[in-house]
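Worksheet: one structure, shown below.
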Amino acid sequence: MKKSIWKFATRFLANVLKSNNMSYHAVFLLKSPLQLLNALEACQHFGIARRECVLVLMADHKSLPQMLSLVKKTSGWGGTVSLVNVGLDPSIQESDGLSHERHAIWGNDAFGIIKLKNLARRLGRLDYVFLGDLGNLMMRHFANLADVSEVVALDDGTATLQYAVWRNQGRWGRKQRLSKKAGLWLKRIALGLRDNLPGRLTFFSAYEIEVPPQDLVVKNTFMDLRAQAGDMPLEESVFFLGGPLVEASILSEEEYLWHLERVARYFSNRKVTYVAHRRENWERVKRIGRALGWDVRLFDYPIEFQLAVVGPRPRILAAFFSSALENCRAIFGDMLTIYAFTLSDDQFARKAERGESVKNVYDRYARLSGEFFHVVDIHNTLEPIA
């Protein structure tokens with residue numbers, strides 16, 4: 001009994017000390033597993049111990065389970081806050097105490113504006129604030145309220161390329177509907193939202209980007225994952241990365257299967273595992289596996305972490321387009337052969353909202369092509385690879 005009381009008292013005291021900012025030097029605001037992966041690399045690059053960091057998790061119900069798995073797998077973080085789970089004055093928790101459930105009263109996303117304001121006040125002086133998604137107005141809100149020396153924008157997939165373009169052009173975002181503008185002004189006036197861009201930013205990016213003179217670019221070379229990448233057992237197989245192309249209305253289910261059938265023909269001499277994206281419909285994924293004779297899997301971690309730290313590592317990694325292809329090229333080098341399959345001009349609507357950005361992705365892949373990174377035209381997949 002005495003031991004239990006002592007254990008409770010010491011844990012309570014530790015939480016009080018943390019809440020008074022006795023040890024925190026950095027805050028990461030994150031909404032996806034990829035952003036959390038880049039947070040790990042940022043700690044390594046900027047020389048920040050995990051115990052000095054607070055993770056503010058802003059993920060939706062599809063991303064949060066994978067993020068919590070990665071938080072627990074990496075361990076050692078100073079504290080975590082799952083924004084939808086906490087009250088208006090957020091306490092900083094250990095990862096084991098995080099819940100998937102929204103707060104019964106304060107779970108609405110709009111209350112996050114107040115929560116982040118109170119959290120910034122609670123934490124006091126910080127060396128760094130890392131934004132997982134520069135396009136997220138709530139993350140910018142916290143950066144504007146925090147007493148911080150440096151604001152760092154992490155990579156958020158290819159969206160980072162667009163953010164850099166907008167930053168150089170001195171404008172931000174696409175034209176908004178009147179109703180959305182009205183909602184923003186209401187949040188600014190009634191709730192105190194401060195969503196303007198920080199005057200000076202550091203981009204921590206794996207991409208080659210240009211930024212205006214007031215900003216900096218720090219190259220993310222994935223030094224942490226590269227140091228671990230060679231230890232995993234090699235599996236003689238192909239991992240094909242699925243994507244929510246049907247969910248995003250880029251392809252219909254029939255069109256998506258048409259593309260995959262040509263990929264299957266190309267890899268007909270090899271074992272293929274379809275690695276599902278967390279936003280894909282699982283029933284559709286199982287139908288794909290049955291139709292193509294592929295195994296299907298859904299990993300608990302981002303594929304970069306899965307292959308480098310958990311394993312196994314396949315001989316070949318393939319996809320249509322994914323930021324993971326470029327990340328894995330940087331992490332594994334000649335240890336992994338990568339294939340990017342193009343989408344069909346006949347079936348892919350270039351006039352779609354994302355059409356131009358997808359085309360730009362393939363143009364960048366073409367520039368990266370080499371011995372271990374191949375771009376395959378979907379129309380030239382009739383002959384199986386050796």
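What you see is a predicted model; the values in this text were computed from it and never measured. Only heavy atoms go into these numbers, but all of them, side chains included; no hydrogens, no water, no symmetry mates. In this chain, numbering begins with 1 at the start of the sequence shown.
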>> Side chains of Glu304 and Leu34, heavy atoms from C-beta outward: is any pair under 4.5 Å?
In response: yes
> Counting heavy atoms not belonging to Glu371, are there more than 12 under 6.0 Å from its CD?
Replying inline: no
> Do Asp224 and Gln228 come close enough that some side-chain heavy atom pair is under 4.5 Å?
Replying inline: yes
> When the ring planes of Phe28 and Phe130 are compared, do they come out parallel, tilted or perpendicular, using 30° and 60° as the limits?
Replying inline: parallel
> Side-chain donor-acceptor pair under 3.5 Å between Arg122 and Ser91, yes or no?
Replying inline: no
> Is the closest side-chain donor-acceptor distance between Asn281 and Glu247 under 3.5 Å?
Replying inline: no
> Counting only N and O atoms by type, is there a donor-acceptor contact under 3.5 Å from the side chain of His259 to the main-chain atoms of Leu343?
Replying inline: no
> Under 30°, 30 to 60°, or over 60°: which ring-plane class applies to His45 and Phe204, parallel, tilted or perpendicular?
Replying inline: tilted
> Does a donor on one side chain and an acceptor on the other come within less than 3.5 Å for Ser63 and Arg278?
Replying inline: yes
> Tell me, do Asp295 and Lys271 make a side-chain contact under 4.5 Å, heavy atoms counted?
Replying inline: yes
> Which atom pair, heavy atoms only, marks the closest approach of Leu298 to Ala276?
Replying inline: CD1-O, 3.4 Å
> For Val296 and Gly289, which heavy atoms make the closest approach, and how far apart are they?
Replying inline: CG1-CA, 3.7 Å
>> Could you check whether Asp60 pairs with Arg279 (Lys NZ or Arg NE/NH1/NH2 to Asp/Glu carboxylate O, under 4.0 Å)?
In response: yes
>> Test side chain to side chain contact (heavy atoms under 4.5 Å, CB included) on Tyr256 and Glu280; report intermediate values, then the result.
In response: CA-CA 12 Å; Tyr256 190 48; Glu280 285 188 273; 3.9 Å; yes
>> Testing the basics here: between Val238 and Ala318, what is the closest heavy-atom pair and its distance to 0.1 Å?
In response: CG1-CB, 4.5 Å
>> Can you confirm whether Ile92 sits close enough to Tyr24 that some side-chain heavy atom of one is under 4.5 Å from a side-chain heavy atom of the other?
In response: yes
>> Looking at every non-hydrogen atom in both residues, tell me the closest pair between Gly132 and Leu30 and how far apart they are.
In response: CA-CD2, 4.3 Å
> Does the pair Val86 and Val81 meet the rule for a side chain to side chain contact (heavy atoms under 4.5 Å, CB included), with working shown?
Replying inline: CA-CA 8 Å; Val86 295; Val81 176; 4.2 Å; yes
>> Using modelled atom types and a 3.5 Å cut-off, is there a donor and acceptor pairing between side-chain atoms of Thr80 and backbone atoms of Gln93?
In response: yes
> Is the shortest side-chain N to carboxylate O distance from Asp363 to Arg367 below 4.0 Å?
Replying inline: no
> Is a side-chain N or O of Thr342 found less than 3.5 angstrom from the main chain of Ile378, in a donor-acceptor match?
Replying inline: yes
>> Pairing donors with acceptors under 3.5 angstrom, does anything connect the side chains of Asn220 and Asp155?
In response: no
> Are any of the side-chain heavy atoms of Val218 and Val152 separated by less than 4.5 Å?
Replying inline: no
>> Would you say NZ of Lys115 has more than 12 non-hydrogen atoms from neighbouring residues, nucleotides or ligands within 6.0 angstrom?
In response: yes
> For Phe142 and Leu116, which heavy atoms make the closest approach, and how far apart are they?
Replying inline: CD1-O, 3.5 Å
> Hey, are Glu326 and Arg329 close enough for a salt bridge, meaning a charged N less than 4.0 Å from a carboxylate O?
Replying inline: no
> Would a 4.5 Å heavy-atom cut-off, applied to side chains only, mark Phe373 and Leu325 as touching?
Replying inline: yes
>> Donor-acceptor pair, distance only, cut-off 3.5 Å: does the side chain of Thr74 make one with the backbone of Val71?
In response: yes
> Where does the angle between the aromatic ring planes of Phe341 and Phe240 fall among parallel (under 30°), tilted (30 to 60°) and perpendicular (over 60°)?
Replying inline: tilted
>> Taking atom CZ as the centre, does Arg284 end up with more than 12 heavy-atom neighbours from other residues, nucleotides or ligands that are less than 6.0 angstrom away?
In response: yes
>> A side-chain contact here means heavy atoms from C-beta on lying under 4.5 Å apart; do Phe267 and Trp294 qualify?
In response: no
>> Under a 3.5 Å distance rule, please check whether Gln44 uses its side chain to pair with a backbone N or O of Phe222 as donor and acceptor.
In response: no
> Is the Tyr301 ring parallel, tilted or perpendicular to the Phe305 ring (thresholds 30°, 60°)?
Replying inline: tilted
> Any side-chain heavy atom of Leu241 within less than 4.5 Å of one from Leu317?
Replying inline: yes
>> Please check this pair: side chain of Arg315 against backbone of Thr337, looking for a donor-acceptor N/O pair closer than 3.5 Å.
In response: no
> Within a radius of less than 6.0 Å around CD of Glu253, do more than 12 heavy atoms belonging to other residues, nucleotides or ligands occur?
Replying inline: yes
